[in-house]
Structure formats: structure tokens, C-alpha cells
Amino acid sequence: MTDVGAKGVSKALAATTDAETDVPGPSENPATNLIIHDIAMRAAGRVVRHTMEKGLLRGRYGGSGAKAIIENRSIGQALVSSLIARLATRSLPGALLVGGGLVAKTLYDRGQSKRTAKRSGDKTLRKMAED
């Protein structure tokens, strides 16, 4: 999928610039330009991700509660979710493993009573909001 997207970006770039061989950016050094693009993309992705997460939590926990939950996530939680996402996106077996784990967790949660599952999730998120 990323190869197809990369071809599209390359075609769009070739159509809008004179020199196909240059990596666009403020520097003459293509490695520097790549680093600049990487940092910008990661920052934009983080902003979008945090915005979506806060929006999803806002209805149940309010604006300040959602903000506290997102901002008080531990480094360990962030690292684990990042590693799991990387595993899922690097290979088909990784995607199947992570997807299967998510299905298993969902089925486990649904096996509990609704009240127990909600209480467990609320307890975890409220603890994150307090820290």
C-alpha cells in the first residue's frame, strides 16, 4: 500500500517541480530535507491522534477530563502502543497477530457484564486523569 502511495507522491512532485531528482525542502542536502519532512509528518500525526482521542473521550469525561487522560498517559503506555502499532504495520503476520489480540480482548470484554466492563475502563481512565 505504501508503494502505491509513494508512486502517487512521486508523480505529483514530478508534475509540480522542474527537477525530478531533487528532494524538495529548504536545504540543498536531501538527507536534511528527509529529516525535516519526517519530523513534520510525525508532529502532524501526533496532533491529529491527540485531537481524535480527546474528541472520543470528551463526551463521557468532559473536556478537561479528556485532556488529562491523554496528557497523563505514561511513557510505558505510549511505548507499548507505539511498538504494537509498528508490529501491526510492518508485516501481514504482525497485523494478524495484533488484530487477533484485539479481537480476543474485545470478546473478553463482551463476555463480562456491561456494568463490570464499563467500571473497569472508567477506573483505568479516571486514574490516568488524576495522575
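Arg115 is linked by a side-chain contact (heavy atoms from CB on, under 4.5 Å) to Ser113, Arg119, counting only residues two or more places apart in sequence or in another chain. For Ile84, the side-chain contact (heavy atoms from CB on, under 4.5 Å) partners at least two apart in sequence or on another chain are Val80, Val98.
Two residues are said to be in side-chain contact when any heavy atoms from C-beta on lie closer than 4.5 Å; Lys54 and Glu71 meet this criterion. With contacts defined as side-chain heavy-atom distances shorter than 4.5 Å, the pair Lys67/Ile70 does not qualify. At least one side-chain heavy atom of Met128 sits less than 4.5 Å from a side-chain heavy atom of Leu125.
Rounding to the nearest 0.5 Å places CD1 of Ile35 at 8.0 Å from CG of Asn29. Atom CG of Leu57 is separated from atom CE of Met52 by 11.0 Å, given to the nearest 0.5 angstrom. One distance of note links OG1 of Thr124 with CZ of Arg126; it measures 11.0 Å at 0.5 Å rounding. Atoms CD1 and CZ, from Ile39 and Arg42 in turn, are 9.0 Å apart once rounded to the nearest 0.5 Å.
Distance alone, capped at 3.5 Å, is enough to place a donor-acceptor pair between the Asn33 side chain and the Ser27 backbone. Not one N or O on the side chain of Ser120 forms a donor-acceptor pair closer than 3.5 Å with the backbone of Thr116. Remark: the backbone N or O of Leu102 is paired with a side-chain donor or acceptor of Thr106 at under 3.5 angstrom. Although no hydrogens or angles enter the test, the distance criterion places no donor-acceptor pair under 3.5 Å between the side chain of Glu130 and the main chain of Lys127. Proximity of a side-chain donor or acceptor of Thr89 to a complementary backbone N or O of Ala85 within less than 3.5 Å is detected.
The pair Glu53-Arg58 does not meet the salt-bridge criterion, since no charged nitrogen lies less than 4.0 angstrom from a carboxylate oxygen.
For Ala68 against Ala129, the heavy-atom pair with the smallest separation is CB-O, 3.5 Å.
Heavy atoms of other residues, nucleotides or ligands lying less than 6.0 angstrom from CD1 of Ile75 number 12 at most.
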